[in-house]
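Counting starts at 1 for both ligands and their atoms, following the listed order.
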Amino acid sequence: MDEKIATLLRQLNPKNTKTNEPLSGYTNLKIGGPADILYIAHDIKDLINVVSLAKRMDIPVTVLGRGTNILISDDGIRGLVVINKANTINIAGEKPVSEDAIPIIPRWESDSQKGTFKYEFKDLDYDETGEARVEVIIDSGVDLPFALRYLLDKNITGLQWYAGIPGTIGGAIYNNIHGGTHFLSEVVKKVKILDKDLHTRELDIKELGADYDKSRFHNSGEVILQGTFNLYRGDVEKAKFTAREWAERKKIQPRNSPGCCFANLTQEQKEKFEYPTTAMGYVIEHVFKMTGFKIGDAAVSKAHHNFIVNEGKATARDYLAVMKEIYKRTKETLDIEIVPEIMLLGFKDEEIKEFTKKEQEELRKVRNEEIRTVYK
Ligand SMILES: Cc1cc2nc3c(=O)[nH]c(=O)nc-3n(C[C@H](O)[C@H](O)[C@H](O)COP(=O)(O)OP(=O)(O)OC[C@H]3O[C@@H](n4cnc5c(N)ncnc54)[C@H](O)[C@@H]3O)c2cc1C
C-alpha cells in the first residue's frame with residue numbers, strides 16, 4: 001500500500017473507513033471499481049476534518065453524495081473518496097422577501113405534442129415568488145427527497161419542482177439541478193464551502209456561476225458544506241400536489257441510470273434538422289433507431305432513450321462504449337459534438353477524449369444562452 005495512504009488510514013476512525021472498497025455499491029448504476037480509501041462522513045465537522053487531512057498530505061479527494069449522476073471507471077478512484085452523510089436541516093426563521101432572490105430562469109416549454117419529451121410539466125407550473133420567505137440551512141449530505149418531504153411537513157415550500165430527483169443537496173448545488181421550468185439557484189441564497197486552501201467561507205448566489213447543469217464547483221475543487229435556502233411560506237397543499245404529480249410523471253425515467261446521459265440539441269440544430277424537439281432522446285430513438293441497443297449489460301433505455309441503464313452486470317467499459325456509439329453516430333450523421341450530462345470519474349484522459357473537447361464547452365454556452373433568451 002502507498003505510504004501516504006497508509007499514514008492517512010492510521011488517522012481515520014476505522015468505524016467509518018474501508019480500504020479498496022468497490023464504489024459500485026455507492027452509485028445508482030452499480031458500476032465502479034475500488035477507492036483506495038472510502039470514508040463515510042456523518043457530519044460537517046467530520047467532512048471538513050477528513051478532507052483537510054487528506055489534502056494536506058496531497059492525497060486526491062473526491063466527495064460523493066448518493067452517486068446518482070456519475071459513471072465511475074472500472075479502475076475506481078485513487079486516493080480518498082468521501083461519502084457525504086452530513087444530515088442536519090436548520091430552519092433559521094422567517095425573512096422578509098430577499099433582495100438577493102434571483103429571477104426564475106425557465107428551462108424550456110414542454111412539448112405540445114405528447115410523446116416527444118415523454119413527460120409534460122407546463123400545466124403544473126406556477127409562481128410563488130410573492131410569498132413570504134423562510135431561511136433554511138441544509139447540510140450538503142441531506143437527501144434532497146428527504147429535505148422536500150421534511151420541509152413540506154413544516155409548511156415550507158419551494159423544493160416541490162425537484163420531486164423525483166435522487167441525490168443530495170450537495171450534488172444538487174454542484175449541478176444546479178433543474179425540475180420542470182425551475183432551477184435550484186432560484187432558491188439558493190448562500191453556500192458554505194471548504195476552499196482549496198482549506199478555509200471555510202460562504203459564497204453568495206452570484207458567486208456560484210450557477211447555470212444549466214453547471215456551477216463553479218465543476219472546476220473549483222471546493223467542497224460544498226451547506227446551502228442556505230430562501231424558501232417560501234407558500235401554498236402547502238398545492239406544493240404537495242405538484243410534488244406528487246411531478247414525481248409520478250418522472251417515474252418513466254429509469255432508476256438504474258445516472259440520469260439523462262447527453263445534453264439536448266440547441267434550437268439552431270433542431271431547426272436545421274427540422275426535428276419536432278431539441279430532445280436528444282428523440283434523436284437516439286427516431287433518427288438513430290437505437291431502441292434495444294446494448295453493449296454487455298449497458299443498454300439504451302426503452303422507456304427514455306436518453307438514459308443508458310445497467311441491466312445487470314454492465315461494466316464502465318460497456319457503458320462508455322454505448323455513449324461513444326451515440327457520440328459517433330451524432331458526429332457522423334449530424335456533425336454535432338454532443339455533451340454528456342453525467343460526470344465521468346476515475347477515467348484516464350484518453351479513455352474519455354470524445355467528451356472533453358473545447359467545442360462541447362462552446363456548445364454548452366450557446367445552449368445556456370438560448371435557454372435564457374428563447375424562453376424568457
Ligand atoms: C432517475 C433520475 C432522474 C434525475 N432527474 C434529474 C432532473 O430532473 N434534474 C436534474 O437536474 N438532475 C436529475 N438527475 C441527476 C441527479 O439526480 C442530480 O444531479 C443529483 O443532484 C446528484 O446528486 P448526488 O448526491 O447523487 O451527486 P453524485 O452523483 O454523488 O455526485 C455528482 C457530482 O457532484 C459532486 N459532489 C457531490 N456532492 C458534493 C459536495 N458536497 N461538494 C463538492 N462536490 C460534490 C461529485 O464529486 C460529482 O462530481 C436525475 C438522476 C436520476 C438517476
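Ranked by closest heavy atom to atom 17 (O) of ligand 1, the top entry among P166, G167, G141, A163 is P166. Residue Y174 holds the heavy atom nearest to atom 33 (C) of ligand 1 of all those in F183, Y174, W246, W161. Nearest residue to atom 8 (O) of ligand 1 from K250, R66, H182 is K250 (criterion: closest heavy atom). Here the shortest heavy-atom distance to atom 3 (C) of ligand 1, taken over Q253, R255, H304, belongs to Q253.
No donor-acceptor distance shorter than 3.5 angstrom exists from the side chain of N175 to the backbone of I177, with no hydrogens or angles considered. Side-chain atoms of Y26 do not come within 3.5 Å of backbone N or O of R66 as any donor-acceptor pair. At least one donor-acceptor pair under 3.5 Å links the side chain of W246 to the backbone N or O of W161.
Proximity of E341 to ligand 1 is not established, as no heavy-atom distance is less than 4.0 Å.
Taking a cut-off of under 4.0 Å to the non-hydrogen atoms of P254, the atoms of ligand 1 that pass are 1 (C). Taking a cut-off of under 4.0 Å to the non-hydrogen atoms of V63, the atoms of ligand 1 that pass are 35 (C), 36 (N), 37 (C), 40 (C), 41 (N), 45 (C), 46 (C), 47 (O). Taking a cut-off of under 4.0 Å to the non-hydrogen atoms of G170, the atoms of ligand 1 that pass are 38 (N). For ligand 1, the atoms sitting less than 4.0 Å from at least one non-hydrogen atom of I177 are 10 (C), 11 (O), 12 (N), 18 (C), 19 (O), 21 (O), numbered in the order shown with element in parentheses. Taking every heavy atom of N28 and a limit of under 4.0 angstrom, the matching atoms of ligand 1 come to 53 (C). Counting the atoms of ligand 1 from 1 in the order shown, those under 4.0 Å from a heavy atom of M343 are 33 (C), 49 (O).
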Original post:
When you look at R201 and L194, which way does the side-chain contact (heavy atoms from CB on, under 4.5 Å) test go after all the steps?
Top reply: CA-CA 7 Å; R201 61 192 176 96; L194 182 69; over 6 Å; no
**OP:** Could you check S140 against N84 for side chain to side chain donor-acceptor pair (under 3.5 Å), going step by step and ending with a plain yes or no?
**Re:** CA-CA 7 Å; S140 52; N84 180 11; 2.8 Å; yes
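Using a cut-off of 4.0 Å between Lys/Arg side-chain N and Asp/Glu carboxylate O, D335 and K331 are scored as salt-bridged.
Between G67 and ligand 1, an N or O atom pair is found at a separation short of 3.5 Å. Taking any N or O of F307, backbone or side chain, none lies under 3.5 Å from an N or O belonging to ligand 1. For ligand 1, none of its N or O atoms has an N or O atom of L64 under 3.5 Å away. Checked against a 3.5 angstrom limit, the closest N/O atoms of S257 and ligand 1 fall outside it. By the 3.5 Å distance cut-off applied to N or O atoms, G179 is not counted among the residues near ligand 1. Considering backbone and side-chain atoms alike, V223 places every N or O at 3.5 Å or more from each N or O of ligand 1. By the 3.5 Å distance cut-off applied to N or O atoms, N69 is counted among the residues near ligand 1.
Using bins of under 30°, 30° to 60° and over 60° for the plane-to-plane angle, the ring pair H178/F183 lands in the perpendicular bin.
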In residues 287-296, what donor-acceptor pairs under 3.5 Å come from side-chain atoms, sequence neighbours left out?
unit_1	atom_1	unit_2	atom_2	d
K289	NZ	H286	O	2.8
T291	OG1	H305	NE2	2.8
K294	NZ	E311	OE1	2.7

Atom pairs and distances, side-chain donor-acceptor, residues 46-57, under 3.5 Å, sequence neighbours left out:
unit_1	atom_1	unit_2	atom_2	d
D46	OD1	Y39	OH	2.8
D46	OD2	Y39	OH	3.2
D46	OD2	H42	N	3.3
S52	OG	I48	O	2.7
K55	NZ	G221	O	3.1

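Contacts between N84 and ligand 1 below 4.0 angstrom, taking non-hydrogen atoms only, involve the side chain exclusively. With a 4.0 Å cut-off on non-hydrogen atoms, L225 does not touch ligand 1 at all. Both the backbone and the side chain of H178 come within contact range of ligand 1, each with a heavy atom under 4.0 Å. Contacts between E222 and ligand 1, counted as non-hydrogen atom pairs separated by less than 4.0 Å, involve the backbone only. Under 4.0 Å from ligand 1, not a single heavy atom of C260 appears.
Between Q226 and V191, every side-chain heavy-atom pair lies at or beyond the 4.5 Å cut-off.
Heavy atoms of other residues, nucleotides or ligands lying less than 6.0 angstrom from CZ of R255 number more than 12.
Tracing side-chain contacts under 4.5 Å through hydrophobic residues (I, L, V, M, F, W, Y), one reaches I336 starting from V322; they form part of the same cluster.
Between the side chains of Q253 and K250, at least one donor N or O sits under 3.5 Å from an acceptor N or O.
Applying the side-chain hydrogen bond (donor to acceptor under 3.5 Å, both in side chains) test between Y232 and each of E131, R133, E128, Q160 identifies R133 as the sole match.
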